[in-house]
K.L.:
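First the structure, then my questions, so here it is.
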Amino acid sequence: MTKEEEILKAAEEEFFAGGYDSTSTATIAKRAGVTHAMVNYYFRTKEKLFMKILDNHVSDLLHRLKPLMQADGNVAEVATTAAAVIFDKFNEDRRLPFIISDISRTHPDFLMRYKETVDTVCKDSVRMHSERLEKGISEGRVAPCTMNDIYNAVLELSAGPFLTLPVLENVAGFSPERTEAFLAERKEEMVRMLQARFATTQKD
């Protein structure tokens, strides 16, 4: 592992444990076992270091979602699969939803930087699925809803269980085994809820 990679790893641990505002490049340097000057040499500022970490996660998620962007099938099937992909990503690092929630509140401009990229990458896919959705609604096969309704449902159901984990583990006393069972149950429930809300009326 290179020094740059060691710094990135240490920075992610610090940011994800304490949040963006509470983390300093000095504490990152200490965790990585390097000098403060070396952190600044590789990344210049705390913001650039954080954005590098966030870029890695966003790029990974978009890569996983890319096959769905032009996928055949109805909107409900695509939404259900996308929700499962996002759920699995969050499950790999259960602190990720918290850091996203944290910067959404304190530094929303960090996330707004991705809007143009996502809009460009997903433009054709959104148009295709929107046309399918509108057609289904006009033919009476789909309950009135919008793509935003679907996006909101996917995000809420895929991220929600992870945001409740601290209460369940630290207050309710969930064991590691109970936590794993809880997440497995929530993933199955998420799929059922999305299918119940959208799939029964989608027959594209």
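We use all heavy atoms of the structure for the numbers below, so side chains are in, but hydrogens, waters and symmetry mates are not.
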K.L.:
Find out whether T179 and L168 are in side-chain contact, i.e. whether some heavy atom of one side chain is under 4.5 Å from a heavy atom of the other.
P.N.:
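When only atoms from C-beta onward are counted, L168 and T179 do not touch, as no gap falls below 4.5 Å.
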
K.L.:
Salt bridge between E156 and R197, side-chain N to carboxylate O under 4.0 Å?
P.N.:
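No, E156 and R197 are not salt-bridged.
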
K.L.:
If you round to the nearest 0.5 Å, how far is NZ of K48 from NZ of K52?
P.N.:
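Rounded to the nearest 0.5 Å, the NZ-NZ separation comes to 13.0 Å.
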
K.L.:
With rounding to the nearest 0.5 Å, note down the distance linking CG in L111 to CZ in R113.
P.N.:
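Reported value, rounded in 0.5 Å steps: 9.5 Å.
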
K.L.:
Do Y41 and V39 belong to the same hydrophobic cluster, where Ile, Leu, Val, Met, Phe, Trp and Tyr are linked whenever their side-chain heavy atoms lie under 4.5 Å apart, directly or via other members?
P.N.:
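In one cluster: yes.
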
K.L.:
What I'd like to find out is whether the side chain of I99 reaches to under 4.5 Å of the side chain of I53, using heavy atoms alone.
P.N.:
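Not touching, per the 4.5 Å side-chain cut-off.
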
K.L.:
Please walk me through it: do I86 and R64 pass side chain to side chain contact (heavy atoms under 4.5 Å, CB included)?
P.N.:
CA-CA 9 Å; I86 297 171; R64 299 183 192 203; over 6 Å; no

K.L.:
Checking S59 side chain against N56 main chain: does a donor-acceptor pair fall under 3.5 Å?
P.N.:
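Not a single qualifying donor-acceptor pair exists.
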
K.L.:
For I150 and A79, work out which heavy atoms get closest and say how close.
P.N.:
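Looking at all heavy atoms of both residues, the closest pair is CG2-CB, 3.6 Å.
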
K.L.:
Side chains of L8 and F43: does their closest heavy-atom pair fall under 4.5 Å?
P.N.:
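The answer is yes, as the side chains (C-beta and beyond) meet within the 4.5 Å cut-off.
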
K.L.:
Can you tell me how far CD1 of I100 sits from CZ of F110, rounded to the nearest 0.5 angstrom?
P.N.:
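Going from the CZ atom of F110 to the CD1 atom of I100 covers 13.5 Å.
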
K.L.:
Check whether any side-chain N or O of D102 sits under 3.5 Å from a backbone N or O of F98 as a donor-acceptor pair, and report yes or no.
P.N.:
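Checking the backbone N and O of F98 against the side chain of D102, no donor-acceptor pair under 3.5 Å is found.
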
K.L.:
For G19 and T23, which heavy atoms make the closest approach, and how far apart are they?
P.N.:
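Looking at all heavy atoms of both residues, the shortest contact is O-OG1, 2.7 Å.
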
K.L.:
Give a yes or no on whether M193 atom CE has more than 12 heavy-atom contacts from other residues, nucleotides or ligands under 6.0 Å away.
P.N.:
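Not more than 12 within 6.0 Å, no.
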
K.L.:
Can you establish whether the number of heavy atoms outside K9 located under 6.0 Å from its atom NZ is more than 12?
P.N.:
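Counting neighbours around NZ of K9, 12 or fewer heavy atoms of other residues, nucleotides or ligands fall under 6.0 Å, so no.
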
K.L.:
Kindly compute the distance separating CD1 (I28) from CD1 (I7), expressed to the nearest 0.5 Å.
P.N.:
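Atom-to-atom, I28:CD1 and I7:CD1 are 9.0 Å apart.
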
K.L.:
Would K46 pass as a cation-pi partner of Y20, given that its NZ or CZ must be under 6.0 Å from the six-membered ring centre and within 45 degrees of the axis?
P.N.:
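Yes, K46 lies over the aromatic ring of Y20.
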
K.L.:
Quick one: does any side-chain atom of T27 pair with a main-chain N or O of S24 as donor and acceptor, under 3.5 Å?
P.N.:
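Yes: the side chain of T27 pairs with the backbone of S24.
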
K.L.:
Can you find a heavy atom in the side chain of E134 that is under 4.5 Å from one in the side chain of M147?
P.N.:
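A side-chain contact is absent here, since even the closest heavy-atom pair is not under 4.5 Å.
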
K.L.:
For the pair T80 (side chain) and L194 (backbone), establish whether a donor and an acceptor sit closer than 3.5 Å, ignoring hydrogens and angles.
P.N.:
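Answer holds: no.
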
K.L.:
Where do P161 and L183 come nearest, in terms of heavy atoms and distance?
P.N.:
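In this case the closest contact between P161 and L183 is CB-CD2, 4.1 Å.
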
K.L.:
Any ion pair linking E13 and K30 (charged N to carboxylate O, less than 4.0 Å)?
P.N.:
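No, no charged N to carboxylate O under 4.0 Å.
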
K.L.:
What are the two closest heavy atoms between L133 and T146, and how far apart are they?
P.N.:
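Nearest pair, atom of L133 first, then T146: CD2-C, 3.8 Å.
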
K.L.:
As an exercise, state the distance from NE2 of H57 to CG of D93, rounded to the nearest 0.5 Å.
P.N.:
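That separation rounds to 5.5 Å.
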
K.L.:
Can you see which heavy atom on P108 is nearest to which on S104, and at what distance?
P.N.:
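Nearest heavy atoms, P108 then S104: CB-O, 3.6 Å.
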
K.L.:
Does a side-chain N-to-carboxylate-O contact under 4.0 Å join R31 and E12?
P.N.:
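Looking at R31 and E12, the cut-off is not met.
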
K.L.:
Counting only heavy atoms from other residues, nucleotides and ligands, does the tally under 6.0 Å from OH of Y151 exceed 12?
P.N.:
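For Y151, atom OH is crowded (more than 12 foreign heavy atoms under 6.0 Å).
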
K.L.:
May I ask you to say whether E189 pairs ionically with R186, meaning some side-chain N is under 4.0 Å from a carboxylate O?
P.N.:
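Yes.
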
K.L.:
Side chains of Y114 and L54: does their closest heavy-atom pair fall under 4.5 Å?
P.N.:
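Side-chain contact under 4.5 Å: yes.
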
K.L.:
Less than 4.5 Å apart, any side-chain heavy atom of H107 and any of E47?
P.N.:
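No, too far: nothing below the 4.5 Å cut-off.
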
K.L.:
Could you walk me through whether F50 and I103 pass the side chain to side chain contact (heavy atoms under 4.5 Å, CB included) test, one step at a time?
P.N.:
CA-CA 11 Å; F50 180 79; I103 61 174; 3.8 Å; yes

K.L.:
Just so I know, are the side chains of L165 and F174 near enough to count as touching, which here means a heavy-atom distance under 4.5 Å?
P.N.:
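No, side chains not in contact.
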
K.L.:
Under 4.0 Å between a Lys/Arg side-chain N and an Asp/Glu carboxylate O for D124 and R127?
P.N.:
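Result for this pair is yes, salt bridge flagged.
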
K.L.:
Just wondering, do M190 and S158 contact through their side chains at under 4.5 Å, heavy atoms?
P.N.:
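The answer is yes; the side chains approach within 4.5 Å.
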
K.L.:
Measure from the ring center of F162 to the ring center of F87 and say whether it is less than 6.0 Å.
P.N.:
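Yes; F87 has its ring centre under 6.0 Å from that of F162.
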
K.L.:
I need the D55 CG to D60 CG distance, nearest 0.5 Å.
P.N.:
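Answer rounded to 0.5 Å: 12.5 Å.
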
